[in-house]
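Bear in mind that the values here come from a model prediction, so they are computed numbers and not experimental data.
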Amino acid sequence: MRKDKAVWEHQRTYEQSKRQYLGEDVLKDTGSAVVWWLAKNDEHVEKTVADLGLLAQLTSAANDSDIPERLQELLSPSRPDGPDELDGPDGPVSSGVFAGSPGHRSAADHLSDLFDAMGFPEEDPRRAMLAAQFAHIIKEQNRYETAEEVLRRFAPPEPEDDAA
């Protein structure tokens with residue numbers, strides 16, 4: 001029992017340390033996220049440049065803050081078929097939308113985009129683990145509703161009760 005407790009405490013300390021590292025160092029701002037991403041993926045510089053908007057969205061979601069104005073242009077590149085539109089899963093989505101309106105992309109949507117960009121498919125258990133860590137960081141910023149949305153969105157499926 002002592003061994004189980006020691007293992008659990010070690011895992012908890014590790015998780016806390018990782019959350020602190022992600023929240024205070026990696027996702028502190030977009031620049032920190034870019035440097036961290038390049039350190040891990042130095043052979044993918046062009047992809048990193050292409051994903052700057054995504055990294056800006058992620059750091060903004062993790063800190064529950066607005067995306068800095070200087071990075072706004074990375075989010076909605078000019079398109080010949082319409083002003084300020086982004087491609088969403090159901091087609092073009094206007095970037096000038098408000099929370100709760102059709103086309104609004106939540107922090108959980110952006111986090112899902114990050115997981116996709118990292119190559120973590122929907123069924124990958126790392127999505128739930130990372131989402132829980134992000135949710136903790138988001139809660140530390142007193143953004144409880146956003147954190148709860150992230151937890152709900154990425155919660156692992158409930159095991160089916162075979163005894164019934």
Side-chain angles (χ1 to χ4, degrees), residues 1 4-41 47-48 51-76 86 88-90 93-161:
M1 196 158 134
D4 288 343
K5 183 178 179 183
V7 167
W8 181 84
E9 286 177 1
H10 176 72
Q11 289 172 333
R12 182 174 174 260
T13 302
Y14 172 76
E15 182 181 326
Q16 287 174 328
S17 174
K18 192 169 185 178
R19 285 193 314 252
Q20 183 178 7
Y21 167 66
L22 286 171
E24 294 176 8
D25 293 339
V26 174
L27 298 173
K28 177 178 63 174
D29 55 42
T30 304
S32 297
V34 168
V35 170
W36 173 79
W37 187 253
L38 282 172
K40 296 223 176 245
N41 302 283
K47 180 163 177 23
T48 303
D51 289 341
L52 284 174
L54 181 61
L55 290 168
Q57 291 172 323
L58 177 63
T59 56
S60 294
N63 293 298
D64 205 13
S65 62
D66 291 335
I67 297 170
E69 194 171 321
R70 62 188 166 75
L71 299 174
Q72 290 288 328
E73 68 184 46
L74 299 173
L75 303 179
S76 55
L86 300 171
D90 300 319
V93 176
S94 171
S95 62
V97 295
F98 298 98
S101 66
H104 168 72
R105 302 205 66 235
S106 68
D109 293 333
H110 295 296
L111 190 56
S112 181
D113 290 344
L114 172 72
F115 294 155
D116 292 343
M118 292 174 68
F120 297 159
E122 290 285 334
E123 64 280 356
D124 193 320
R126 293 176 292 184
R127 288 172 78 107
M129 179 193 71
L130 287 170
Q133 293 172 348
F134 281 119
H136 177 77
I137 293 167
I138 294 167
K139 281 182 184 176
E140 288 178 346
Q141 304 303 314
N142 298 323
R143 305 297 185 181
Y144 302 103
E145 289 179 22
T146 302
E148 289 303 316
E149 177 193 3
V150 166
L151 287 172
R152 277 191 308 273
R153 170 89 172 263
F154 296 100
E158 293 290 324
E160 294 182 23
D161 188 11

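Taking CG from L58 and CG from N63, the interatomic distance works out to 9.0 Å, rounded to the nearest 0.5 Å. Summarising the geometry, atom CH2 belonging to W8 is positioned 9.5 Å from atom CD belonging to Q11; distances are rounded to the nearest 0.5 Å. Between the CG atom of L54 and the CG atom of D113 there is a distance of 6.0 Å, given to the nearest 0.5 Å. Taking CD of E122 as the reference point, atom CZ of R127 lies at 4.0 Å (rounded to 0.5 Å). Between atom CG of residue L111 and atom CD1 of residue I138 there is a gap of 7.0 Å, rounded to the nearest 0.5 Å. Note that CG of D25 is 8.0 Å distant from CD of Q20, once rounded to the nearest 0.5 Å.
In this structure, H10 and T13 have side chains that are not in contact, with every pair of non-hydrogen atoms separated by 4.5 Å or more. At a threshold of 4.5 Å between non-hydrogen side-chain atoms, the residues F120 and L130 count as touching.
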Which atom pairs, one a donor and one an acceptor, fall under 3.5 Å between side chains of residues 30-37 and the rest of the protein, sequence neighbours left out?
residue	atom	partner	partner atom	Å
T30	OG1	T59	OG1	3.0
S32	OG	D29	OD1	3.0
W36	NE1	Y21	OH	3.4

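The two residues Q141 and A62 have their closest heavy-atom pair at CG-O, 3.9 Å. Taking each heavy atom of T146 and A107 in turn, the nearest pair found is CG2-CB, 3.6 Å. Contact detail for S112 and R153: the closest heavy-atom pair is CB-NH2, 3.6 Å. Closest approach of S60 and P68 over heavy atoms only: OG-CD, 4.3 Å.
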Worked check of side chain to side chain contact (heavy atoms under 4.5 Å, CB included) between L151 and E148
CA-CA 5 Å; L151 287 172; E148 289 303 316; 4.0 Å; yes
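Taking E149 as the reference, S106, A108, R152 meet the side chain to side chain contact (heavy atoms under 4.5 Å, CB included) condition, with sequence neighbours excluded.
Salt bridge annotation for R19-E15: present, with a cationic side-chain nitrogen under 4.0 angstrom from a carboxylate oxygen.
Between F134 and F154, the ring centre distance reaches or exceeds 6.0 Å.
Residue-environment remark: CD (E9) exceeds the threshold of 12 foreign heavy atoms within 6.0 Å.
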